[in-house]
Amino acid sequence: MPKCEECRKFFSLEEDPKKGDCVQRVVDPRQAYYKAKPVTAEKDAAKCESFEKK
Amino acid sequence: MAEPAQVSLKELEKKQEWWWIAERKRSKRLDYLRKAVWKKGALGGNYAPGIKVDLELPTLFTQAWDFWRFDPIMLRRAKTNSNVLDNITIFITDHAQIMGYMGSAPHTITWRLDGASMVNEELYNEPGIMPEPQEESLKKIAEFNAYWGGQTAIDKLARVLDPEDAVKFLSGAIGWGAPTSAYGYSGKNYEYFMTGKRGFEDIIAEIDASIEKAEDRTIGLPGPDILPLYDRIQNWIAMKTALQASIRWAKRFARLARIIAENFETDPKRKKELLRIAETCERVPAKPPRNLQESLQYDHFIQILARFEAHEGAWPSRPDYYHGPYYDKDVNVEKSITKEEALDLVGEFMIRAYEVGGFAPRWAREGLQGITGTWVWTLGGVKQDGSDACNDLTIAFLQAARLVRVANPTFAFRWHPKVKDEVMREIFECIRHGLGYPSMRNDPILINNAMHWHGHPLEEARTWVHQACMSPNPTTKHGFQPMRMASATANCAKIVEYALHNGYDYVVNMQMGPKTGDARKFTDFEQLFRAWVRQMEWIFSLLVRTVNLGRYKDPEFFGRPFLSGISERAVESGLDAVSYVGERGNCWITAFTYVENADALAAVKKLVFDDKKYTMDQLITALEANWDGYEEMRLDFVRNAPKWGNDDDYVDNIMIRCLEECARFSKEIKCPCGNNWPILPENVSGNIHYANIVGALPNGRRLGDALYDGGVSPGPGLDKNGPTAVLKSCGKIDHIGHGRAFLLNQRLSPSQLAGEKGYQLWRAYMKTWADLGNDHVQFNMVSDATLRAAQKDPEKFSEVIVRVAGYSAHFVDISRKTQDNIIQRTVQGI
Ligand code: SF4
């Protein structure tokens, strides 16, 4: 079962590698941006459509 | 719609197509950011395609709110908001340099689900804004609504309101709004947190010292004096929690900026910018700003953080005054950034405010067509020592406004005799470019007004900013007002309507006001006027009672830990900033649809009692029939009764008499601080909202007709004697003693005011305006031809901006009725 920590979009926190951010690029009809959402390294990535193996 | 590239700037200027000129003149960055905005203002009442309600925030909020249910309310809210700030998706838009938005994506509007169950139910039924998959979103919203039903701030307040007051208020006939911080707008204590003396870490240190002192006492000698400290310690902890979460949230942007710079960005220039963003967000709000970017970022973070806590329907601020010293340091002294780079920051600062939007119920969307709140930023004015406060940043804001051309925020300029010509020219350019702003405010008059009505000391009064569209509010410890609700907004045309119908409302079919007598039997004008006074007192009393109670109970029903954490008196006392303790008081009644009273009363006096052309019985019969079958008579009342705004003492004296009665009563009704409730006639776009709620009136108006647009503006097309006559009528009002402020809309001719000659004409007009002691005026300077063309081809003219009332909007975003109402306003040749 893949986990977030195996994903290219996961960026761990220096002070606590078990936690981190999922950082993704989004291009909507008006603008392009990067977004970040806190996730844990252990989070199940099996159902994540954006998962990209590191 | 593409820009007509082959057309020269000169040609565009001649055609007054300023929006194309702006596109050519602004930087690539500003152009990208301006076009990147998802417009959140409702288009004539409906949200634009693509706008979705954010469900991430309510999910995080509700989970934590439930989890912390055993905490006192302020602490509960602080911990709940911390959960949101720590976990909500954040984003950084390409080219952006200023960070912070309340939703999890740029196209989302936030939902304040702890405000009112009624609003929550409305959201459930709002078409088009549900995120996909819709069914899942609706299910989620239904669950939230079930959870929050009965425990929103308004649900709690409704349980303690007098039932009769509640029914009459909720009828929607006499006022609007919701008396809770959830939907209010807070003045800010800028003199505490925005002067460069402290950042959040410094405030936390002050709070820690207070907690320590209080804890020493709570383990000391028992007595009644230590009992309030237990609650206050909890409040201080709440404030500290809110400030700490804010610092963490800002640092999340710093981290994201670094991740982008180090892992994704290939352009070295953007990389450098991202690292500067990171440095900025690590610095503020934790520590005081050191440069313009940090200062603007600090301010923007605070505005957004306040909106994470409450809806905040307005944006009281004074950006040139508080950020001016940093502009001067960076651009003039250290030359660390160029003027152009500063302009980019200033323009983006405006765009960041423009993109803000939360879900609003339909009545609010109709009342504020095209925008999401009245973001009226204050420029100019005087410093606390009375000297001119304008600076280079004042000019930069006026220039940036013409480049980004946003409809929100707008500016209101505190004019005084020492304002330099170069600033006045920049103001005129904004007006000439059809922005409809800045509105002009008479600073000496309004400072005196603040001292007269609320007893603000001179130096405090001089710090004033617009709390919403119009009302001055100081930014000091005791002067700032932390909660103001639009619910002290009176639909004043009802005063004369009720006076004519014995207090009965034929539109909502209810006995609303007191029974002041059958007007058919009135034998002289004084009887009618006495009835008018009693109805006015009744409407104002009901609204003020409701709002006072809302304010009094707000710390118990809502709680504002973040706002308290940036308010000196709350940090010092440990009380919620919304508590009235320690505040001087700065309330006002917004008087919508006011001028109809003067015109209606004058018409009755003239045609019934003086000329005896009609009897009261005939008039009431015609009004009850909504003038149906009485067209000739109606036209007589329109054409042959004197109308306000023509320097005609007959009707002007009635206007003044009405205002004198309001001013007298304003001193009898008191706010929770014990201070007065002066009136402030203006309309936002309530003149359209109330069109179907106000019945037929003796000025010839029928149910459904748009009401007059201003606070003291003459009825559209009814000012026949030119602009000076309008100013003279308005100048008969005592702009200090009769009320808090008086909104005047004027339309000027763009072709007449072209070039240097046009500027000089406008200056002469402004001199007359000031000499007559008026406190406000704002201008539309877009030709009928352009407005009509925009009605025909909205896409081509999508960037045309007009002044609606106390705010501006893109012309194509307002309803046809409001558009027509603006076109009908007399274009004054000056
Ligand atoms: S894209 Fe999916 S798997 Fe990858 S970090 Fe984000 S949530 Fe985890």
Side-chain angles (χ1 to χ4, degrees), chain A, chain B residues 29 31-40 48-52 54 56-57 59-60 82-96 99 101 103-108 248-249 251-265 270 274 277-278 281 351-352 354-355:
Chain A
M1 189 179 70
K3 293 176 184 167
C4 281
E5 63 186 346
E6 296 162 50
C7 176
R8 282 180 62 182
K9 292 166 187 163
F10 179 75
F11 293 86
S12 62
L13 292 177
E14 235 172 71
E15 63 275 20
D16 183 359
K18 291 274 158 231
K19 289 181 183 163
D21 276 300
C22 165
V23 176
Q24 296 192 35
R25 174 91 174 148
V26 181
V27 181
D28 76 19
R30 303 195 72 88
Q31 59 173 272
Y33 58 92
Y34 288 94
K35 64 173 185 176
K37 169 111 182 116
V39 286
T40 58
E42 298 286 316
K43 188 178 168 229
D44 179 6
K47 284 190 191 141
C48 180
E49 286 173 8
S50 306
F51 177 80
E52 264 185 67
K53 186 95 182 129
K54 257 184 193 155
Chain B
R29 183 203 308 277
D31 196 49
Y32 178 87
L33 294 174
R34 173 65 179 78
K35 288 172 180 165
V37 174
W38 287 86
K39 202 187 274 190
K40 312 295 175 1
I51 298 295
K52 300 290 169 196
D54 194 304
E56 196 175 315
L57 192 155
T59 306
L60 291 166
S82 301
N83 187 51
V84 174
L85 294 173
D86 288 339
N87 293 295
I88 192 164
T89 300
I90 58 163
F91 59 90
I92 297 181
T93 300
D94 288 1
H95 305 289
M99 307 292 111
Y101 187 66
S104 59
H107 66 290
T108 57
R248 288 198 303 276
W249 176 68
K251 289 192 173 168
R252 289 184 59 205
F253 286 98
R255 177 173 145 75
L256 177 57
R258 276 194 205 287
I259 290 173
I260 303 168
E262 287 161 10
N263 298 278
F264 301 102
E265 189 56 61
R270 180 61 180 159
L274 285 161
I277 290 167
C281 298
I351 289 169
R352 291 277 88 88
Y354 180 48
E355 74 181 349

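Proteins get letters first, then strands, A, B, ... in listed order; numbering begins at 1 in each.
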For the backbone of [Y] and the side chain of [X], can you confirm whether one donor and one acceptor N or O come within less than 3.5 Å of each other?
{"X": "A:Asp21", "Y": "A:Phe11", "value": "no"}
{"X": "B:Tyr354", "Y": "B:Arg34", "value": "no"}
{"X": "B:Arg252", "Y": "B:Ile88", "value": "yes"}

Kindly give the heavy-atom pair with the smallest separation between B:Lys35 and A:Arg30, and that separation in Å.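 Heavy atoms of B:Lys35 and A:Arg30 come nearest at O-NH2, 3.0 Å.
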Side chain, backbone, both or neither: which part of [X] has an atom under 4.5 Å from a heavy atom of chain A?
{"X": "B:Leu33", "value": "neither"}
{"X": "B:Asn263", "value": "side chain"}
{"X": "B:Phe253", "value": "neither"}
{"X": "B:Ile90", "value": "both"}

With a 4.0 Å cut-off on N to O distance, would you call A:Lys53 and A:Glu6 a salt bridge? yes
Best-contacting candidate, A:Gln31, A:Arg25, A:Gln24, against chain B by heavy atom pairs under 4.5 angstrom: A:Gln31
